[in-house]
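Just so you know, these numbers use all the heavy atoms, side chains as well, and skip hydrogens, waters and symmetry mates. Treat the numbers as computed from the prediction; the structure is a model and nothing was measured.
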Amino acid sequence: QVQLVESGGGLVQAGDSLRLSCAASGRPSSMSVMGWFRQAPGKEREFVAAIIRSAGVTTYKDSVKGRFTISRDNGKNTVYLQMNSLKPEDTAVYSCAARGGVTLYSTASSYDYWGQGTQVTVSS
């Protein structure tokens, strides 16, 4: 089993930055790949970024490339999402997810474990 706890959300203005954290605990082989997803009110959950924790290989949703950075601190079992130049359309509940393996996935159904989510609100 894997437990994921997100933190770092909040209310910011357009152009500001936020760093989200996802603290993971449990079987290491079940959280070798971690991702961030977001869901805005009335919209489908969408992929944001993912990372292979051992190699640091990453992938991003096109609309956040150059603004968001996913990273990890394996010693702390924590994955981060640094979000810069935030826009109102980035407003959503952001959740981290985990799975095993060494392949990056961008579909929510590919992940086995989920955190409770943290709200990010960007005002214009």
Side-chain angles (χ1 to χ4, degrees):
Q1 287 286 49
V2 171
Q3 291 187 324
L4 305 172
V5 179
E6 302 98 332
S7 61
L11 171 62
V12 297
Q13 293 187 329
D16 285 351
S17 299
L18 273 178
R19 188 177 80 158
L20 306 182
S21 300
C22 176
S25 60
R27 187 194 302 190
S29 61
S30 296
M31 51 185 183
S32 53
V33 178
M34 293 184 68
W36 285 97
F37 290 77
R38 66 187 183 187
Q39 187 167 20
K43 294 189 176 181
E44 297 280 325
R45 181 162 50 188
E46 63 177 8
F47 170 76
V48 177
I51 188 167
I52 300 174
R53 292 178 61 205
S54 59
V57 178
T58 60
T59 187
Y60 296 90
K61 174 182 173 63
D62 284 347
S63 64
V64 306
K65 285 180 181 176
R67 298 190 299 125
F68 291 10
T69 302
I70 188 170
S71 63
R72 87 290 193 210
D73 183 335
N74 290 336
K76 295 181 179 179
N77 277 339
T78 300
V79 171
Y80 304 98
L81 185 68
Q82 177 67 44
M83 305 185 294
N84 299 329
S85 302
L86 282 162
K87 305 176 181 180
E89 51 264 43
D90 295 318
T91 295
V93 174
Y94 284 71
S95 299
C96 70
R99 60 160 291 139
V102 290
T103 301
L104 290 166
Y105 293 90
S106 60
T107 54
S109 60
S110 298
Y111 290 81
D112 300 313
Y113 303 97
W114 291 83
Q116 83 287 350
T118 186
Q119 177 70 47
V120 172
T121 303
V122 185
S123 63
S124 57

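Separation of atoms CD1 (Ile70) and OG1 (Thr59) is listed at 9.5 Å; rounding is to 0.5 Å. A distance of 9.5 Å separates CD of Gln82 from OG of Ser21, quoted to the nearest 0.5 Å. Note: Ser110 OG to Leu104 CG = 11.0 Å, rounded to the nearest 0.5 Å. Taking CG of Leu81 as the start and OG1 of Thr118 as the end, the distance is 11.0 Å to the nearest 0.5 Å. Rounding to the nearest 0.5 Å places CD1 of Ile51 at 9.5 Å from CE of Met34. Expressed to the nearest 0.5 Å, how far CD of Gln116 lies from OG of Ser95 amounts to 7.5 Å.
In this structure, Ser63 and Arg67 approach most closely via the heavy-atom pair O-NH2, 3.2 Å. Across Arg53 and Arg72, no two heavy atoms sit closer than the pair O-NE, 2.8 Å. Of all the heavy atoms in Ser124 and Pro88, the pair that sits closest is CB-CG, 3.8 Å. Considering every non-hydrogen atom in both Ser29 and Ser32, the closest pair reads O-OG, 3.8 Å. Nearest heavy-atom pair across Ser17 and Ser85 is OG-N, 4.3 Å. Closest heavy-atom contact between Tyr60 and Phe68: CE2-O, 3.3 Å.
Residues forming a side chain to side chain donor-acceptor pair (under 3.5 Å) with Gln13 (at least two apart in sequence, or on another chain): none.
In the hydrophobic clustering of ILVMFWY residues, with side-chain heavy atoms under 4.5 Å counting as a link, Leu4 and Val33 come out apart. Two different hydrophobic clusters hold Tyr113 and Phe37 under the rule that ILVMFWY side chains link at heavy-atom gaps under 4.5 Å. A continuous path of ILVMFWY side-chain contacts below 4.5 Å connects Phe47 to Ile52, so both sit in one hydrophobic cluster. Under the 4.5 Å side-chain heavy-atom criterion for Ile, Leu, Val, Met, Phe, Trp and Tyr, Val64 and Val12 are members of the same hydrophobic cluster.
One finds a salt bridge joining Asp62 and Lys65 here, because a Lys/Arg side-chain nitrogen approaches an Asp/Glu carboxylate oxygen to under 4.0 Å.
Taking a 6.0 Å sphere around CD of Glu89, one finds it holds more than 12 heavy atoms contributed by other residues, nucleotides or ligands.
Checked by atom type and distance alone, the side chain of Thr78 never pairs as donor or acceptor with a backbone atom of Ala23 at under 3.5 Å. For the pair Thr121 (side chain) and Thr91 (backbone), a donor-acceptor distance under 3.5 Å is absent. Distance alone, capped at 3.5 Å, places no donor-acceptor pair between the Glu6 side chain and the Leu20 backbone.
The side-chain hydrogen bond (donor to acceptor under 3.5 Å, both in side chains) test with Tyr94 is passed by exactly one of Gln39, Gln119, Arg38: Arg38.
By the 30° and 60° cut-offs, the orientation of the rings of Tyr111 relative to Tyr105 is perpendicular.
Using a 4.5 Å cut-off on side-chain heavy atoms (C-beta onward), Met31 and Val79 make no contact. Side-chain contact check for Met83 versus Trp36: every heavy-atom pair is 4.5 Å or farther apart.
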